[in-house]
Amino acid sequence: MTNLNDTTKLHALRDSRATARDILQHVYRALQAKGYDPITQLTGFILTGDPTYITSFDNARSMICRLERDEILEEIVSFYMSENFDQ
């Protein structure tokens, strides 16, 4: 029986909000695992917004649908620029 004078501490669950980078990496690996060309499939998704370009394997489709397409583009451009122009 718990003491009514004690405070119960709720332990926070690990933050389940993945970053755009995490989601893109996960989706990329899922597409590879299913034998798709990840670049082509991701490009199709970004251009059209059609989630059927992304496999549902390993929850990849539902994960990428959490992101707005502009978030995806921002992550890609940011990564590209940091890899190629930051000194």
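For the single chain, residues carry numbers from 1 onward in sequence order.
The salt bridge (charged side-chain N to carboxylate O under 4.0 Å, His left out) analysis of residues 71-82, with sequence neighbours excluded, yields the pairs R21-E75. Every pair passing side chain to side chain donor-acceptor pair (under 3.5 Å) that includes a residue from residues 38-47 is listed here, sequence neighbours excluded: D37-T40.
In the hydrophobic clustering of ILVMFWY residues, with side-chain heavy atoms under 4.5 Å counting as a link, I39 and I64 come out together. With hydrophobic clusters built from ILVMFWY side chains whose heavy atoms lie under 4.5 angstrom apart, Y80 does not share a cluster with L73. In this structure, F85 is a member of the same hydrophobic cluster as V77, with clusters built from ILVMFWY side-chain heavy atoms closer than 4.5 Å.
I46 places a side-chain heavy atom less than 4.5 Å from the side chain of I76.
Checking side-chain atoms of R61 against main-chain N and O of I54 turns up a donor-acceptor pair under 3.5 Å.
With sequence neighbours excluded, the residues that form a side-chain contact (heavy atoms from CB on, under 4.5 Å) with T52 are D50. By the side-chain contact (heavy atoms from CB on, under 4.5 Å) test, D70 pairs with E68, sequence neighbours left out. The side-chain hydrogen bond (donor to acceptor under 3.5 Å, both in side chains) check on S78 picks up nothing, with sequence neighbours excluded.
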- Message: Working note: Y53 + L47, criterion side-chain contact (heavy atoms from CB on, under 4.5 Å); need CA distance, chi angles, decisive distance, verdict.
- Response: CA-CA 10 Å; Y53 279 98; L47 289 174; over 6 Å; no

Pairs of donor and acceptor atoms involving the side chains of residues 23-33, under 3.5 Å and at least two apart or interchain, shall be tabulated with distances.
{"unit_1": "H26", "atom_1": "NE2", "unit_2": "D58", "atom_2": "O", "d": "2.8"}

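Heavy atoms from other residues, nucleotides or ligands lying under 6.0 Å from CZ of F57 number more than 12.
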